[in-house]
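Starting from 1, each residue takes its place in the sequence as its number.
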Amino acid sequence: MAKQRVPAVEGLFTMDEADPHLIGGRSSNGSYFFPKDLGGADPYSDGGPLEPVELSNRGRIWSYTNSAYPPPPPFIVTTDPFEPVVIAAVELDVEKMVVLGQVVPGYTVDDLKVGMPVRMVLDTLYEDDENEYVVWKWQPVEEGA
């Protein structure tokens, strides 16, 4: 029996395998937020309710690094010793906001460059006997693809 794919953290992204999106918020003044519940941090917001929106799932690398230590939860260490992961800060195409996330396995910091186009994909963070726990990751793509 196949394991069910479930989000490692509920409410942060859609589970559409072919076209996943981060779930953010937009205030009445047009400001975007991710996660959605951080909307109160905008000093220009009128404090009204945030409209849930699907954010861009494509962007360009704004900065990147490797994580030589395990990230905080919900990250689960699955190797012993810990194998560093590559992290990218990505400026989303439409919203022009920067969102941090892991880069898909197989890439090192030597493979990346600022301005490189990426797309959001879903990938397994860890699994147990019943489920695969999924997070979003950034995958480099060909220019214009």
Side-chain angles (χ1 to χ4, degrees), residues 2-79 82-109 111-128 130-145:
K3 294 182 181 184
Q4 181 175 352
R5 288 173 60 86
V6 298
V9 178
E10 289 285 339
L12 294 182
F13 53 92
T14 66
M15 288 293 293
D16 180 347
E17 296 283 346
D19 191 31
H21 290 266
L22 297 171
I23 300 171
R26 182 173 49 215
S27 69
S28 60
N29 71 354
S31 293
Y32 290 95
F33 303 93
F34 179 78
K36 178 179 73 76
D37 298 326
L38 289 181
D42 181 357
Y44 301 107
S45 177
D46 62 9
L50 294 178
E51 172 191 3
V53 293
E54 290 184 0
L55 301 174
S56 303
N57 57 8
R58 291 184 176 258
R60 293 187 176 272
I61 293 178
W62 184 78
S63 186
Y64 57 91
T65 190
N66 68 333
S67 177
Y69 57 90
F75 190 87
I76 302 292
V77 176
T78 58
T79 61
F82 171 72
E83 293 177 16
V85 295
V86 177
I87 307 291
V90 172
E91 183 181 51
L92 301 180
D93 283 346
V94 173
E95 298 82 6
K96 301 301 181 197
M97 64 187 290
V98 176
V99 176
L100 200 62
Q102 286 186 41
V103 176
V104 295
Y107 288 89
T108 70
V109 292
D111 300 319
L112 305 179
K113 65 179 182 177
V114 170
M116 176 182 277
V118 294
R119 69 182 181 104
M120 181 186 150
V121 297
L122 301 180
D123 194 26
T124 301
L125 179 63
Y126 69 97
E127 55 187 277
D128 60 21
E130 297 174 11
N131 298 310
E132 290 182 35
Y133 296 91
V134 176
V135 294
W136 78 89
K137 293 185 181 178
W138 300 114
Q139 180 178 42
V141 295
E142 295 287 322
E143 191 76 40

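For the salt bridge (charged side-chain N to carboxylate O under 4.0 Å, His left out) test, residues two or more places apart in sequence or in another chain that qualify with Glu51 are Arg26. Under the rule for a salt bridge (charged side-chain N to carboxylate O under 4.0 Å, His left out), Lys113 has no partner lying at least two apart in sequence or in another chain. Every residue was checked against the salt bridge (charged side-chain N to carboxylate O under 4.0 Å, His left out) condition with Asp93, not counting sequence neighbours, and none meets it. Residues satisfying the ring-ring contact (aromatic ring centres under 6.0 Å, His included) criterion with Tyr107, sequence neighbours excluded, are absent altogether.
For the pair Trp138 and Leu92, the tightest heavy-atom approach, listed with the atom from each and the gap, is CH2-CD2, 3.8 Å. Between Leu12 and Phe34 the shortest heavy-atom distance is O-CE1, 3.3 Å. Nearest heavy-atom pair across Pro84 and Phe82 is CA-CE2, 3.6 Å. Contact between Asp123 and Lys137 at its shortest, heavy atoms only, is OD2-NZ, 2.9 Å. Nearest heavy-atom pair, Ile61 versus Ala88, reported as atom, atom and distance to 0.1 Å: CG1-CB, 4.4 Å. In this structure, Leu100 and Trp136 approach most closely via the heavy-atom pair O-CZ2, 3.4 Å.
The closest donor-acceptor contact from the side chain of Glu95 to the backbone of Ser56 lies under 3.5 Å. Of the possible donor and acceptor atoms, none in the side chain of Ser67 sits under 3.5 Å from a partner among the backbone N and O of Val85.
Side chains of Lys3 and Asn131 form no contact here, defined as non-hydrogen atoms less than 4.5 Å apart. The closest side-chain heavy-atom distance from Asn57 to Phe13 is not below 4.5 Å.
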Show me, pair by pair, the donor-acceptor contacts under 3.5 angstrom made by side chains of residues 114-121, not counting sequence neighbours?
from   : atom 1 : to     : atom 2 : distance (Å)
Arg119 : NE     : Gln139 : OE1    : 3.2
Arg119 : NH2    : Gln139 : OE1    : 2.8

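The aromatic rings of Tyr133 and Tyr126 lie parallel to each other, with less than 30° between the two planes, well short of the 60° mark.
With values rounded to the nearest 0.5 angstrom, Ile23 atom CD1 is found 7.0 Å from Glu54 atom CD. Ile87 contributes atom CD1, which lies 11.0 Å from atom OG of Ser63 (distance to the nearest 0.5 angstrom).
Screening residues 4-21 for salt bridge (charged side-chain N to carboxylate O under 4.0 Å, His left out) gives Arg5-Glu17, Arg5-Glu132 as the qualifying pairs, with residues at least two apart or on separate chains.
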